[in-house]
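Counting starts at 1 for both ligands and their atoms, following the listed order. Note that these values count all heavy atoms, side chains included, but never hydrogens, waters or copies made by symmetry.
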Amino acid sequence: MSNDIKKTFHITTFGCQMNEHDSEIMAGMLVKAGYKPVSEKKEAGIVIMNTCSIRENADKRFFGTLGQLKRRKENGENFIMCVCGCMPQQQHIIDTIKGKYPWVDLIFGTHNIHEFPRLLENCINEQRKIIDVWPEGGEVPEGMPCKRLYKHKSYVNIMYGCNNFCTYCIVPYTRGRERSRKPEEIVKEVQALARDGVKEIMLLGQNVNSYKGRNDGADHDTTFAELLCMLDRVDGIERIRFMTSHPKDLSPELIKAFGTCKHLCHQIHLPVQSGSSRVLKRMNRHYDRERYLALIGSLRKAVPDICITTDIIVGFPGETEADFEDTLSLCREVGYDSAFTFLYSVRKGTPAAGFEDQVPEETKHERFNRLVDVINEGSARRNAEYVGRTMDVLIECEAKRERGDGLDKPGPGQVTLSGRTDGFKLVNLAGPKELIGQIVPVKIISSNTFSLVGKLIN
Ligand code: 5AD
Ligand code: SF4
């Protein structure tokens with residue numbers, strides 16, 4: 001490494017929205033320090049990998065990408081290789097990087113992102129390798145810059161970490177204990193975003209329902225529902241979403257907030273993980289099938305048009321065919337709008353990694369395919385209900401993939417656009433690029449399993 005490093009950077013982000021947002025923050029810091037983003041790693045003076053540990057394939061993809069960069073370092077190319085995010089929070093991963101990829105220049109973790117500019121500067125000026133990973137988070141850092149992916153929508157962290165220790169999950173070990181931001185800091189950030197043209201905010205936390213913010217001088221905690229009401233009053237913010245909610249903490253007060261907060265989108269991501277009470281107990285989820293279904297009932301009663309999505313793990317240790325069928329029947333009963341489905345992946349250091357009744361890979365795959373069929377069938381059915389209706393759609397970008405019966409070919413001055421309904425349904429339609437960032441009424445003319453096709457109404 002020499003210190004005449006190009007003032008350009010490239011970030012590869014693995015994993016969840018938290019990581020995506022952390023990458024936006026790192027990009028903001030680098031831009032502030034005079035670096036420019038580039039779309040190709042080979043043009044970057046600073047190459048960053050923001051890693052995820054949630055499942056084994058995330059680990060594999062990271063090591064695969066790192067392996068590809070090895071030749072460039074060996075050829076003497078001059079760039080700073082940084083690794084951050086969830087993987088370095090585990091000692092065995094740091095040991096592997098040190099042993100097999102000793103050319104990595106800077107390693108830091110999830111708790112000291114705010115230190116990134118200083119660490120990078122030291123790494124470049126002193127021409128030395130730096131490994132600085134904190135075992136726990138300190139004070140919640142505020143005022144970090146951010147280079148947003150979208151002009152009109154933004155992630156907003158409201159809390160960090162997780163106290164739940166689901167037995168399969170690595171997150172409490174990589175992201176530490178729960179720490180909530182102060183409500184006034186969040187409101188200040190959202191007001192600034194609104195001034196900057198943001199219309200939609202997505203509040204982020206591993207378990208937003210256990211948010212416990214404390215106002216300076218207040219003698220009680222601000223609940224998540226209270227925070228939503230505070231943000232609902234910020235001028236210019238038209239849509240508020242949040243993720244992720246833990247069913248055990250979903251309060252009646254929050255369900256009520258869907259009725260009282262005008263800008264709260266009628267959408268909730270409520271991970272169920274399994275439809276079997278026996279499996280849920282071994283997962284340490286603190287609710288059973290009946291309680292989950294009762295929550296769904298209350299949500300639908302209070303907000304009849306709510307869109308509900310979920311996460312499901314198949315092949316958790318000890319899952320029998322009967323347990324799995326409970327998951328299938330729960331999915332049919334709830335009628336999810338969509339679901340993220342995962343094969344159980346052993347995570348070193350978690351309790352479930354030590355469970356002896358691991359499910360054979362073949363069984364996991366077979367169940368996974370059956371589950372996906374049930375979920376897709378449900379999504380297609382739910383989407384079909386929108387045909388003929390007119391929905392407000394926030395136009396987000398040019399469509400990445402264009403498909404669907406009846407999708408108009410873009411006319412002169414038009415492109416195929418993608419947007420989202422209040423319930424977070426993806427809608428493709430032909431229209432002028434200038435609509436990006438605006439909320440417009442769209443007539444839904446056909447539906448697919450994963451998206452809707454619309455037409456602008458004039
Ligand atoms: N194996 C498979 N899926 C997992 N998830 C978390 N840990 C694991 C694991 N070890 C899933 C859960 C969670 C989502 C973010 O990832 O469904 O809700
Ligand atoms: Fe992981 Fe459970 Fe915490 Fe979610 S609630 S991050 S699944 S431990």
Side-chain angles (χ1 to χ4, degrees), residues 13-22 51-61 85-87 89-90 93 110 137 157-180 202 204-211 224 242-250 268-276 279-287 292 295 308-319 324 327 330-331 334 336 338-355 357-359 361 363-365 367-368 371-372 375:
T13 309
F14 299 89
C16 65
Q17 288 85 354
M18 287 271 179
N19 265 17
E20 276 179 31
H21 188 45
D22 284 348
T51 63
C52 166
S53 258
I54 197 92
R55 284 170 292 275
E56 196 188 358
N57 57 2
D59 287 15
K60 281 193 184 144
R61 278 174 50 222
C86 287
M87 290 187 70
Q89 289 297 143
Q90 302 155 84
I93 299 284
T110 54
N157 273 331
I158 63 161
M159 60 181 298
Y160 303 89
C162 179
N163 289 352
N164 290 318
F165 290 94
C166 301
T167 53
Y168 50 80
C169 189
I170 195 77
V171 169
Y173 309 89
T174 60
R175 293 257 168 196
R177 295 297 68 69
E178 285 175 4
R179 287 163 302 136
S180 298
M202 166 72 95
L204 293 180
Q206 241 76 43
N207 178 9
V208 289
N209 309 127
S210 65
Y211 173 80
F224 179 55
F242 57 85
M243 78 185 298
T244 288
S245 300
H246 194 305
K248 83 173 164 58
D249 299 312
L250 187 85
I268 191 163
H269 184 66
L270 197 62
V272 66
Q273 314 297 2
S274 168
S276 154
V279 173
L280 288 169
K281 195 161 181 54
R282 293 190 87 202
M283 287 177 162
N284 194 32
R285 291 290 289 176
H286 297 282
Y287 57 86
Y292 185 88
L295 281 174
I308 303 177
T309 57
T310 200
D311 292 342
I312 303 169
I313 298 177
V314 291
F316 182 77
E319 182 191 73
F324 176 65
T327 298
L330 178 132
C331 292
V334 173
Y336 289 111
S338 67
F340 295 105
T341 47
F342 306 107
L343 293 164
Y344 168 69
S345 171
V346 175
R347 302 287 67 205
K348 203 170 166 174
T350 61
F355 291 0
D357 40 5
Q358 299 287 329
V359 173
E361 285 303 311
T363 312
K364 280 191 211 170
H365 283 269
R367 288 180 188 165
F368 183 87
L371 176 63
V372 169
I375 292 293

**Report entry** salt_bridge(E56, R347) N-O dist < 4.0 Å
**Finding:** no

Query raised in the report: Could R285 and D311 be called an ion pair, given the rule that one side-chain N must be under 4.0 Å from one carboxylate O?
Result: no

Per-atom contacts, ligand 2 versus [X] - under 4.0 Å to a heavy atom:
| X | value |
| --- | --- |
| C169 | 1 (Fe), 6 (S), 7 (S), 8 (S) |
| N164 | 5 (S) |
| H246 | 5 (S) |
| Y168 | 7 (S) |
| P172 | 8 (S) |
| Q206 | 6 (S) |

Query raised in the report: Which is it for P271 and ligand 2 at heavy atoms under 4.0 Å: side chain, backbone, both or neither?
Result: neither

Query raised in the report: Where does R175 meet ligand 2, judged by heavy-atom distances below 4.0 Å: at the side chain, the backbone, both, or neither?
Result: neither

Query raised in the report: Distance below 4.0 Å between atom 5 (S) of ligand 2 and any protein heavy atom?
Result: yes

Query raised in the report: V346 near ligand 1, heavy-atom distance under 4.0 Å?
Result: no

Query raised in the report: Any N or O of R347 that comes nearer than 3.5 Å to an N or O of ligand 1?
Result: no

Query raised in the report: Are any of the N/O atoms in D311 less than 3.5 Å from those in ligand 1?
Result: yes

**Report entry** Polar contact flag, side-chain donor to acceptor under 3.5 angstrom, K248-N164
**Finding:** yes

**Report entry** Donor-acceptor side-chain pairing of T174 and Q90 below 3.5 angstrom
**Finding:** no

Donor-acceptor pair, distance only, cut-off 3.5 Å: does the side chain of [X] make one with the backbone of [Y]?
| X | Y | result |
| --- | --- | --- |
| T110 | G85 | no |
| K364 | Y344 | yes |
| T310 | V272 | yes |
| R367 | L343 | no |

Query raised in the report: Is it true that Y173 and F165 have ring centroids separated by less than 6.0 Å?
Result: yes

Query raised in the report: ligand 1 versus T244, non-hydrogen atoms closer than 4.0 Å: side chain, backbone, both, neither?
Result: neither

Query raised in the report: Which is it for F342 and ligand 1 at heavy atoms under 4.0 Å: side chain, backbone, both or neither?
Result: side chain

Which of the numbered atoms in ligand 1 are below 4.0 angstrom from a heavy atom of [X]?
| X | value |
| --- | --- |
| I313 | 3 (N), 4 (C), 5 (N), 12 (C), 17 (O) |
| Q273 | 12 (C), 13 (C), 17 (O), 18 (O) |
| L343 | 1 (N), 2 (C) |

Report task. Report yes or no: does C166 have an N/O/S atom closer than 2.8 Å to atom 2 (Fe) of ligand 2? Result -> yes

Report task. Report the C-alpha distance between F242 and F224 in whole Å, list the side-chain angles of each, state the deciding distance to 0.1 Å, and finish with yes or no for ring-ring contact (aromatic ring centres under 6.0 Å, His included). Result -> CA-CA 10 Å; F242 57 85; F224 179 55; 5.0 Å; yes

Query raised in the report: So, is C162 placed with an N/O/S atom under 2.8 Å from atom 3 (Fe) of ligand 2, counting both backbone and side chain?
Result: yes

Query raised in the report: Is the Y336 ring parallel, tilted or perpendicular to the Y292 ring (thresholds 30°, 60°)?
Result: tilted

Query raised in the report: Would R282 count as a cation-pi partner of F355, with NZ or CZ less than 6.0 Å from the six-membered ring centre and within 45° of the ring normal?
Result: yes

Report summary line: Nearest heavy atom to atom 3 (N) of ligand 1, choosing from R55, M283, H269, belongs to R55

Query raised in the report: In the protein, which heavy atom is nearest to atom 7 (N) of ligand 1, and how far is it?
Result: Y168 CD1, 3.3 Å

Report task. For atom 10 (N) of ligand 1, grab the closest protein heavy atom and report residue, atom and distance to one decimal in Å. Result -> S345 O, 2.8 Å

Query raised in the report: Do Q358 and V346 pass the side-chain contact (heavy atoms from CB on, under 4.5 Å) test, and can you show the C-alpha distance, the side-chain angles, and the key distance before you say yes or no?
Result: CA-CA 9 Å; Q358 299 287 329; V346 175; 3.7 Å; yes

